[in-house]
Every structure is written in C-alpha cells, then in structure tokens.
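Only one structure is covered here, and it is reproduced in the block below.
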There are 2 protein chains.
Amino acid sequence: MTNRKKITIKEFAEKLGVSIATVSRAFSDKGRISEKTRQEIIAKAREYGYRANIHARNLTSRSNNTIALLFPAISHEEPDYFITEIMLGINETLTKYRKILQVHPFPLDASEQELELYKDYILNGSFEGIIVVAGARGSNHLVSAAQSGNIPYAVIGHMSGVNENSVLFDNEYGAFLAGKYFKDTGRQHPAYVGGHLDKRKKLGFQEGFGANANKIIFAEGGNSFRHGGMALENLQKTHPEVDCVLCANDVLAIGFIKAALTRNIKVPRDIAVIGFDDIKPSRYYTPALSSVSLKLFELGECAVKILMQVIKEEKPVNSETIECDLILRQSS
Amino acid sequence: MTNRKKITIKEFAEKLGVSIATVSRAFSDKGRISEKTRQEIIAKAREYGYRANIHARNLTSRSNNTIALLFPAISHEEPDYFITEIMLGINETLTKYRKILQVHPFPLDASEQELELYKDYILNGSFEGIIVVAGARGSNHLVSAAQSGNIPYAVIGHMSGVNENSVLFDNEYGAFLAGKYFKDTGRQHPAYVGGHLDKRKKLGFQEGFGANANKIIFAEGGNSFRHGGMALENLQKTHPEVDCVLCANDVLAIGFIKAALTRNIKVPRDIAVIGFDDIKPSRYYTPALSSVSLKLFELGECAVKILMQVIKEEKPVNSETIECDLILRQSS
DNA sequence: ATAGTTTGCGTAAACGTTTTCACTTACAAT
DNA sequence: ATTGTAAGTGAAAACGTTTACGCAAACTAT
C-alpha cells in the first residue's frame, strides 16, 4: 500500500536534526552515543519506518552474514531426506550466530558446465563461508574452488583429498556395532549390501563379526529402493544360507526387506536386517527398521561450529568425528 | 594460499590502462563497448583474478537476486519431508531465473518474540521476495509483514486472509477421488481421520462418497505417527464397523496402519486406507500406501512463477491451483 | 582555577560498484 | 569539404551505509 520509497539515513537524520553518524551509531553497538538519544532515534525510526539499507551495510562490513550449504540432490524423483535433518541442524545453529542460510542443491553427476556454474557461485562469494556435503562426483571440485578463492569452508562427510575442516561419521564403528550384534545374537551367515566405495562400513562390519569375518558375503547394491530388492534376489540365488544383512543405507534396507517379504521370507526370523542412516521414516516401517543412526542434526550443528572457527581463526581446523548409535527395532 | 586482498575495479582498471566504467561495461550487457575490448578485459580479469564485488553490485542494483523461503519446521525430532521436495522444485526453477535461495525454517508454534525475529528478517529485506509455506500458527503474520513492507511474496497452501499470490492444492478434489474410490469398490462404512481445520478434505471426501455421505465418521487426529495409532484405537472402540479410512496425511496413515496390523486387522481387507500427500517413503511401506498425491515439485515451480510475476508486474496476481492425483497402491 | 580525561556528536572519507553525461573519433551521407 | 550520426570511452556522481578523526562540552582530579 504505502508505496513511498524507503527513507534513507540521510533523509531520516535531517528530519531528526542529527547527523547520519549518530543515526548509524544508534543501531550499532560500536560508537559512542548517549542512551537517551539512542532511544529517541529508535523510537523515531519506528515512526518513520526507517530501516538501514542492508546492501549498503553489507558493502561497508564486507559481509552479508550468510552461509551457503551445497549438497548433492539426487533428483526430484528421489529426494534425499537425509539432507533435511542436516539442514535443520545447520540452520538452528546458524541462528545462534545470527547467520542466514542459503542453499544450493547440486546434481549428483554435474556436467563440466554445471560445475563451473557452482564454482562461480562460490567464487563470487555472496557469503561468509560454505558448507559442502560430500557425496556427489563434483564435491571436491567445489572445495578446491573454495580453497583457491580463500573462502572459509567446512565439509560434511568424508571427501578424498580433504583432511581438515570436516565432520566425519564414524561409519566404521557403526558397522562394527551391527556386526557384533549379529554375532552376539547367534547369526551364522552374514552379508553386506552396499556400494564398493564404502570400504569403511565393510571393514567395521567384518571386525564386529569377529572370528568368522571371512565368511561375510558382499553383495553389490546402489543406494535406491530398487537396488535393495535386486540384492535380495541375487543373494537368494547365490547364497540362500545368509541369515543377517547390513545394508549401507536405509532405503536399500527397506527395498531388501520388501523383496524378502514378497518371497515370504520372514524378517527378522529368516534374515535379520540392519540399515544405515536411521532416517526418520525407517521407524514407521513394518517391521520397524533397525539402523545405525548418524545423528544428522548434531552433524549439522558440528559443521557450523567448525566453519565458524575457520572464519574466526582464519586457518583450517581439525576434523571432528560424530559417533554412531545402533538403534535396534523389529527388523533384527 | 594467495592471501592477497582481492583486487578492486579501480586497481584492475589502472593496470589495464582503461577506465573503471569500461571494466564495468565488460561484465554487464548494458552500456556500449566494443567486442574486442570486452574480450581483452575478460581475459585479463581471469589472469588477475578480478571479480566484481558482489556487495557493491547489490548496492547499486538494489537487489541481491535472492529469494527467501519460509517454511514451518516441526522440530528436528520430526522433520517435515514434505518440504524437501518443494524446496527442490523451487530451487530448480529459481536457477532458471538466476536467483539464489535462502531458507528460514520457522517454528510451528513461534512465540511472540520469535515471530518478531522473523518479521525483522522480512522487513530488513535481504532478498527480492519471499515464499511462505502455510501451516504454522504465525504464517499469516509473516505475510502481513511482507504486505506492510511492500515486499513481493507468494504463498504455498491455503492461508486465512490471503487470496492472492497463492499456490493452492486442490485438496477437496483429491479427497473427492478417495471418497469416490471407496464407494466404487463397495466399502460401506467410511471414516475420515484428521484435524478439524481441514474442512475441505472432509467436504471433498463426503461428496465423493455420495449418497451415504452422512454416514462418514470423523476421527480427530493430529499430524503425527502417534496420532494415527490413537485414531485406530478410538475407532475400534466407537465404530468397529468402519471399513475404509481417509487420513489427512501420510504419516498419520502409516501410524494408523501400523496400529491396525498390530491388532491383527488386515489392510486393506478389513480396512482400506488412503493417505494424503504421497510423500516418497509411502510407497516403500508394507503395504505400500495409497495416497492423494500433491505434486510437490510442481507446487514449488508454480510458487516461483507467481513470485516472479509479482516482482515484475509490481502488483498481486491471481492464485493458482495445483491438481491432485489419487495414487493407488496396496493399502486400499 | 587549571589541566586532563571522558563523553557525545558532526564532518567527511571510505566501501566498490553502476550509470549518466559529455566528449572524441570514425564513418556515412550530402 | 561539411554536416550528421553512431560508437567507444572516461570523469564524476550516484547508491546508502560505517567509521576515523576532530572538536566542543562536561565532567574529574589536582
């Protein structure tokens, strides 16, 4: 309605009969100003609808108090719910630092061109720092860009070539817990379903299972529901004796269980299944999925703390590792 | 590594022996400049690492090409996956307009103080416009703030008092489809589980069921998994004859089904269940959930288009309605 | 009373761009 | 040759803040 142009500090100061410096000081906590005039100015500001122009502020302060989050987005057909929780953790923590969150989902398999686009975003630097979630093919190029442009960054997850500023999940330990649980509950024929890149999960699983570790069957499985079903089918053909399975992620596990139920294989009686990530929906499945929980919210929280430290100290900081829990439900 | 301060347009222009105006023109597509010098400048810019300061740009252009998304976040205990898909739709569309997305999850039940904080964000206006997702108690206060501050906005979902700039879901029609399906498949005793605010869903459901509409049982249910279970328990006590149920959202439906299975009530044999929203995980449940699908990605897309129109035309535009589909799976 | 310190405020110079305006030069039309 | 038009460039004025510096007034300590 009030289509009046926004009032500037100069016009506002003139109306009040003070200098623009005084007005500026009324809204900052730096310069010297009497409490009395500050209150008066703040009151008048409300009356006249004066608000400092944010762009001018950003120019002088050389910052817009914004942090960018770059994360892999599979596609809208199969969004990664994983990220929602991390994002909420990040946001809640950023708010404490009075920072704003800007998001850049980027393709899992970005083309050279697309990658340039994202690098540009980074180097144009409309933010104080970035948080990159590992997982996409191009992730490390983004981090390189940040490094070369001297832009503060933090990384969530393991990324090859990056040893600092990272929040890592202790996947190995999580898988260890799963292996140990299967052994302790008397399972005899373990299998692991997941991508071949996830060495640490395999390793931990083997360690946990202990003595019989060499018996573990590895089944290739991507990271989709469909892959889980395929893994079950394959295992039934090649190793029908398998009686417990660790899946590299929850969706995979759900797909696996669904295929098993379809074949009238009982879970957990015939095969016990444990997933990875403990995404929220997992607990609602029937049977409710046991899973290695990643504490995603904490992950986001930790990433922000690391980034803030990097910004403050102007040098890289040590990576941190977030522990995993084994959440036991009906599927194991 | 190169901790050298970033070079400014003035320094850069001096090195090249041209004026700053010319440099500026080389990177914009407005003023007149010969193609030859433009290319030279762009080449040199790469060499010297010159990039226009984004804050100064924003100051002169009075925009930072950023759009803010405000959405209700239940809490990190129960994130709303709903939003992920909308966000991806919004982001993908924004990218086409070369805009950047900023996110502000805000509490479902914000205190007066928190609300002020969000209003401040809005009025300080570090963006070109905002998209508000309806659903939280304070949502309409945020829209009011935008209106009073003359800030372009678009709304996703129905919000009381807001008739323009909105993307609406045709919930009524979706519920109609569910009601009709139940009638057509010979169900006799329908129930609706959901909050009392969602009048349109109830209404559509009744219409769809037709003649016997007055027989429909309404069961109060919030929007959590737990509420779904409670609804089942209550219905069993008060109306054990119910043989088909429309739930106001998927999580509710999943909770309902889980409770039914626990009591050894077969779904869909004894009770057919249809959910609402068709969130991605629903298809993975056992039994896979039938649901009224909201086309969330399109929703986001549409919201952006509306907002861009509002920004361009500098006046409100008509609301649009996104249709629903009934996706039939195993639970009905 | 006097010198020294503190407090409150104003002037003016940044901050790093974009853009208007005016000025050359080049070229086309007479 | 002369005028008119267009193209390319530069000087300087915005854009709306923050802040360094300077100065007067008001305290404090001698």
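What you are looking at is a predicted structure, and each value in this text was computed from that prediction instead of being measured.
- Rounded to whole angstrom, the span from the OH atom of B:Tyr48 across to the C1' atom of C:dG16 amounts to 19 Å.
- For A:Arg25 against C:dG10, a side-chain N or O and a base N or O form a donor-acceptor pair under 3.5 Å.
- Each of C:dC9, D:dG10, C:dT18 was ranked by its minimum atom distance to the side chain of B:Thr22; first place goes to D:dG10.
- Across all non-hydrogen atoms, the minimal contact from B:His141 to B:Arg137 is ND1-O, 4.4 Å.
- One interatomic measurement links the two molecules: CG of B:Asn53 to P of D:dC15, which rounds to 19 Å at whole-angstrom precision.
- Looking at heavy atoms from C-beta onward, B:Ser319 lies out of side-chain contact with B:Asn165 at the 4.5 angstrom threshold.
- With C:dA12, C:dG10, C:dT17 as the candidates, the nucleotide lying closest to the side chain of A:Ile20 is C:dA12.
- When the P atom of D:dG8 is taken as reference, atom CD of B:Glu35 falls 10 Å away, rounded to whole Å.
- Listed nucleotides D:dG8, C:dC9, C:dT17 differ in distance to B:Tyr50; the shortest reach to its side chain belongs to C:dT17.
- Contact annotation for A:Phe27: no contact, since no heavy-atom pair falls under 4.0 Å across all strands.
- Regarding contacts with the backbone of D:dT9, a side-chain N or O of B:Ser34 is found under 4.0 angstrom from either OP1 or OP2.
- At the heavy-atom level, A:Ile54 lies nowhere under 4.0 Å from the strands shown.
- We find that CZ of B:Arg32 is positioned 16 Å from C1' of C:dT18, with the value rounded to whole Å.
- A:Thr37 comes within contact range of the sugar-phosphate backbone alone, with a heavy-atom separation under 4.0 Å but no base atom that close.
- The residue B:Ala52 sits close only to the backbone: its heavy atoms come under 4.0 Å of sugar-phosphate atoms, none of a base.
- One atom, CD of B:Glu14, and another, C1' of D:dG10, lie 13 Å apart when rounded to the nearest Å.
- Look at CZ on A:Arg57: it is 20 Å from C1' on C:dT17, rounded to the nearest Å.
- A:Ile9 comes within contact range of at least one nucleobase, with a heavy-atom separation under 4.0 Å.
- The phosphate of C:dG16 (OP1 or OP2) has a side-chain N or O of A:Arg62 nearer than 4.0 angstrom.
- Contact annotation: the side chain of A:Tyr153 never approaches that of A:Ile131 to less than 4.5 Å [non-hydrogen atoms, C-beta and beyond].
- Counting only heavy atoms from C-beta on, A:Thr8 has its side chain closest to D:dT17 among C:dG8, D:dT17, C:dC15.
- Residues B:Glu298 and B:Thr93 have side chains not in contact (no heavy-atom distance under 4.5 Å, counting atoms from C-beta outward).
- With contacts defined as side-chain heavy-atom distances shorter than 4.5 Å, the pair A:Ile90/A:Ile67 does not qualify.
- Here A:Arg51 lies in heavy-atom contact (under 4.0 Å) with sugar-phosphate atoms only.
- Comparing B:Val18 and A:Lys10 by the nucleotide of DNA chain D whose heavy atom lies nearest to each, the residue mapping closer to the 5' end is B:Val18.
- Of all nucleotides listed (D:dT18, D:dC15, D:dT19), D:dT18 comes nearest to the side chain of A:Thr60.
- The existence of a salt bridge linking B:Asp120 and A:Arg51 is confirmed by a sub-4.0 Å separation between a basic side-chain nitrogen and an acidic carboxylate oxygen.
- One interatomic measurement links the two molecules: CG of B:Asp29 to P of D:dG8, which rounds to 16 Å at whole-angstrom precision.
- For the pair B:Leu59 CG and D:dA14 P, the interatomic distance rounds to 14 Å; values are reported in whole Å.
- Considering only side-chain atoms of A:Ala21, the nucleotide from D:dT17, D:dA14, C:dT11 that sits closest is C:dT11.
- Of the candidate nucleotides C:dA14, D:dA11, C:dT19, C:dT19 has the atom nearest to the side chain of B:Ser24.
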